[in-house]
Amino acid sequence: MATNRYVEHAPGYVDNEGPKIVTGRFGYADSYTLARFEATGGYEGLRAALAGRPADAHDVVRSATLLGRGGAGFPAGVKWGFLPPGKFPYYLVVNGDESEPGTYKDRLLMERDPHQLIEGCLITCYALGLSQCFLYVRGEMALAQERIAAALNEAYEAGYVGRNILDSDFSVDIVLTWGAGAYIVGEETALIESLEGNRGMPRLKPPYFPAAIGLYGQPTIVNNVETLANVGWLMVNGAEQYKNYGSEASPGTRMFAVSGHVRRPGVYEVEHGVTTFRELIYGDNFCQGIRNGRELKMFIPGGGSAPWFFEEHLDLPLEAGPVGAAGSMLGSGAIVVMNDSTDAVKAALRVVKFFARESCGKCTPCREGTTWEEQILERILNGAGRPSDIDLLLDIADNISPGPYPVAALAAEGLEAVPFPPKQTTICPLGPSSVAPIVSTIRRFRHEYEAKITRRDPIPVRAEVLA
Amino acid sequence: MSFFTSANLEMAREIISRYPMPRSALIPLLHLAQEQHGWVTDEAMRQVADLCGVTPAEVKGTGSFYEMFKFHPVGSYLINVCTNISCMLVGGEELLEHAQQRLGVNTGATTPDGMFTLEEVECIAACTEAPCLQVNYRYRLRVSGDDFDQMVNDIAAGRADDLPRHGTLATVRQRIGLDRVAQIVAPEEAREAPVWLKRNDPTADRGAQDRVVS
Ligand SMILES: Cc1cc2nc3c(=O)[nH]c(=O)nc-3n(C[C@H](O)[C@H](O)[C@H](O)COP(=O)(O)O)c2cc1C
Ligand code: SF4
Ligand code: FES
């Protein structure tokens, strides 16, 4: 069995000895300094990009099929192409708001390798002619803010950021900015609102991408931290080498945080699209199976917003296509594993409670619906459920996200799958996300709901506490 | 009369200068106000409004959307225990209960000596290190009941060097020297294609001229 190479100064990160594109420096205690960055090939990607035309840098990202790591998995190179010609200025906004339940990767990248992120931002600005970059870090992440501020100060000083970068005619400012605690600000249009000094409430679509109308009404590229962290490596090593890792549809590597009832929870960089859930959860190089000899009951494959998976999904590869066809999503790279001692109703309630708390309140189905869902689940859990409550939950779910849902359950029953993501009556996907844990657990563990409603279950059931 | 000290006022102006529009500095300035005073007062909001060119009501309206801003006094040490799914699975709720007992306050309340405020929070992005918490936004990972007691004792005895005062977020600030700043201007002053783009693609400016500037 492989030894646990848990890196003390990067808590949570586990080196699985696989290929490394974004976590390569995590093993160094001083990985966040300019000196270490430069000594390990840092800013070579920027130099390589500046030696060529802006369009060349864009081409590398496009042909590498670098998929967005923030949740939707949209190819970055394609999104970059949506900027309307001539409508200057263009802006870059980096989404470092990481708050999806179970997600833990962007914080590591910001704390452990801020220069890698800065380099990715610089190359992106060069490639697309962006005038200014805003690095929006989640409010609660004090250390990430400090590390990025320090890194930016060093980089400005050394001539990597600011006017006439590396004595070229390329000039751009990168500004560290930060939030103040609101999950919904992770949604890109809400993030832009927040950056404009407003309440972080999502904007009405269309336009579907802020690339058309974004910050201050100008074309704006919003990308996730991990997405941009790949860009420097890509410039040095090229798209072809990137494609040597991962699958054809999902090249490269990707960071996954695996938490919950596994022996060795942690953040792993794995090959995208080829590693399976089973390897990640049970593999010796990875999580080494379920703790305390228990069995798997269910797992969340892509953060709190994703519909839940079960035993039969273990052999799916970590790739958007197959996971989507099975009715869920890889989302933000967060896998939460639950063992057979987990109370399905209680687990669903906890995730729903999160969405009820974090709803921005702009649309009624989400604002009211998530609260109702929470109240009903709570009374079921507390033994005060009514026989009609299960149907009531499904009805509310249907009002937020109409139509058959989720696809996974349908497919399991041999019914035709509808496309994922589901339809929504709301402005953003937060409301529909609250439906995922409810429908997933009712379809699979309806008997647990019924047992609680008819009070045949000892309630509430406690989770297994860390020994 | 100024709410901000003169050093902080200078800092506030510096922060504003980094954005194309002053209003974008609203949230950072509220953090600065909270850092100075421990919580956000009406006086602070009036001055932030002045500096950002908005009304005090807009400052309150925006600020009250965000959980980190406190509009009433809180303890010197804000303890945020995560009970979201990954933490719940391995004892986050039990940790919160333990914290309530140890501190003798309910969630949301402050100890009578003004030392600790306890809050239940959503996922703080340390899920693999559950159960976890933050004290004044600094992490404590894989926290057991005993760890919690030890932590509280240490803080009370002044042995928690890595914890700044409540309200102080980052102790390292971004500085952009005037000699290095590229160009931070309002959008209407930046309608032309950036030079490096034009050099490589003379048609990059197409469309910029016939754009209606209102
Ligand atoms: C409710 C909600 C929360 C989101 N939170 C985040 C987040 O914390 N971080 C992030 O990068 N993207 C988040 N996203 C996705 C962003 O809207 C956006 O798609 C992403 O930042 C784009 O970057 P990418 O293309 O590089 O993935 C969220 C989306 C929704 C609907
Ligand atoms: S779905 Fe919910 S979070 Fe999204 S805009 Fe509507 S109310 Fe706000
Ligand atoms: S669930 Fe507690 S830190 Fe993520």
Side-chain angles (χ1 to χ4, degrees), chain A residues 11-12 53-54 85-89 98-99 101-104 107 129 131-132 139-140 142 145-146 149-150 152-153 156 162-163 169-173 175-177 179-183 195-200 216 218 257 259-261 265-267 304 336 338 347 350-351 354 357 463 465-466, chain B residues 18 20-21 23-24 26-28 31 52 61-62 65-69 84-86 88-91 94 122-131 134 137-138 141 169-177 180-184 187 190-197 199-200 204-208 211:
Chain A
R53 296 180 316 134
K87 294 201 171 173
F88 300 103
E98 185 169 69
S99 352
T103 313
Y104 177 20
R107 181 166 73 84
S131 301
Q132 198 178 338
E140 288 92 335
Q145 291 160 23
E146 291 183 350
L152 281 171
N153 290 348
Y156 261 100
R163 189 185 305 156
D169 61 358
F170 171 50
S171 304
V172 75
D173 289 302
V175 168
L176 166 66
T177 188
Y183 162 72
L195 186 46
E196 289 182 359
N198 301 320
R199 297 188 143 221
Y216 313 126
Q218 293 300 124
S259 59
H261 294 140
V267 182
V336 183
M338 295 175 255
R350 187 59 192 87
V351 178
F354 167 77
R357 272 191 182 187
V465 177
L466 188 66
Chain B
R18 284 181 216 148
M21 306 278 221
R23 184 170 178 147
S24 287
L26 200 153
I27 292 169
H31 276 302
C52 294
T62 296
F65 184 80
Y66 299 91
E67 250 167 62
M68 289 172 76
F69 295 130
N84 207 317
I85 185 79
S86 305
M88 185 200 90
L89 289 173
V90 293
E94 289 77 5
E122 298 298 346
C123 179
I124 47 179
C127 321
T128 67
E129 308 312 293
Q134 285 188 323
Y137 303 108
R138 268 65 184 173
L141 306 172
L169 215 46
T171 53
V172 180
R173 316 273 184 175
Q174 182 177 10
R175 296 276 175 192
I176 305 181
R180 287 291 312 148
V181 65
Q183 187 201 36
I184 300 176
R191 297 288 184 215
E192 272 185 43
V195 280
W196 71 92
L197 210 58
R199 169 169 54 80
N200 286 284
D205 242 345
R206 201 177 44 208
R211 189 183 150 84

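Reminder, nothing fancy here: chain letters follow the sequence lines and each chain counts from 1.
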Winner by heavy-atom pair count (cut-off under 4.5 Å) against chain B, out of [options]:
options: A:A142, A:G181, A:A180; value: A:A180
options: A:S171, A:A182, A:S99; value: A:S171
options: A:S131, A:G260, A:G304, A:G102; value: A:G102

- [ ] Counting only heavy atoms closer than 4.5 Å, note whether B:R180 contacts chain A via side chain, backbone, both or neither.
- [x] both
So do [Y] and [X] actually touch side chain to side chain, heavy atoms under 4.5 Å?
X: A:Y104; Y: A:S259; result: no
X: A:Y183; Y: B:E122; result: no
X: A:R357; Y: A:F354; result: no

TODO: Not counting sequence neighbours, which residues clear side chain to side chain donor-acceptor pair (under 3.5 Å) with A:Y156? List them please.
DONE: A:D173
Task: Least distance between heavy atoms, B:R173 atom then A:A149 atom - done: C-CB, 3.8 Å
What residue, out of [options], has the most heavy-atom pairs lying under 4.5 Å from chain A?
options: B:A182, B:C123, B:A126; value: B:A182
options: B:Q134, B:Q183, B:H31; value: B:H31
options: B:L169, B:V181, B:T171, B:I27; value: B:V181
options: B:V195, B:L26, B:N200; value: B:N200
options: B:P194, B:P187, B:S86; value: B:P187

Give, as side chain, backbone, both or neither, the part of [X] having an atom under 4.5 angstrom from any heavy atom of chain B.
X: A:E140; answer: both
X: A:L195; answer: both
X: A:R53; answer: both
X: A:V172; answer: backbone

Open item on the list: Going by side-chain contact (heavy atoms from CB on, under 4.5 Å), name the residues that satisfy it together with B:P28, two or more places apart in sequence or in a different chain.
Closed with: A:T177, A:W178, B:I15, B:Y19
Open item on the list: Is a donor from one side chain sitting under 3.5 angstrom from an acceptor on the other, for B:R23 and A:N198?
Closed with: yes
TODO: Check whether the side chains of B:R191 and A:Q218 place a donor and an acceptor atom closer than 3.5 Å, and report yes or no.
DONE: yes
- [ ] To the nearest 0.5 Å, tell me how far A:L176 CG sits from A:Q145 CD.
- [x] 6.5 Å
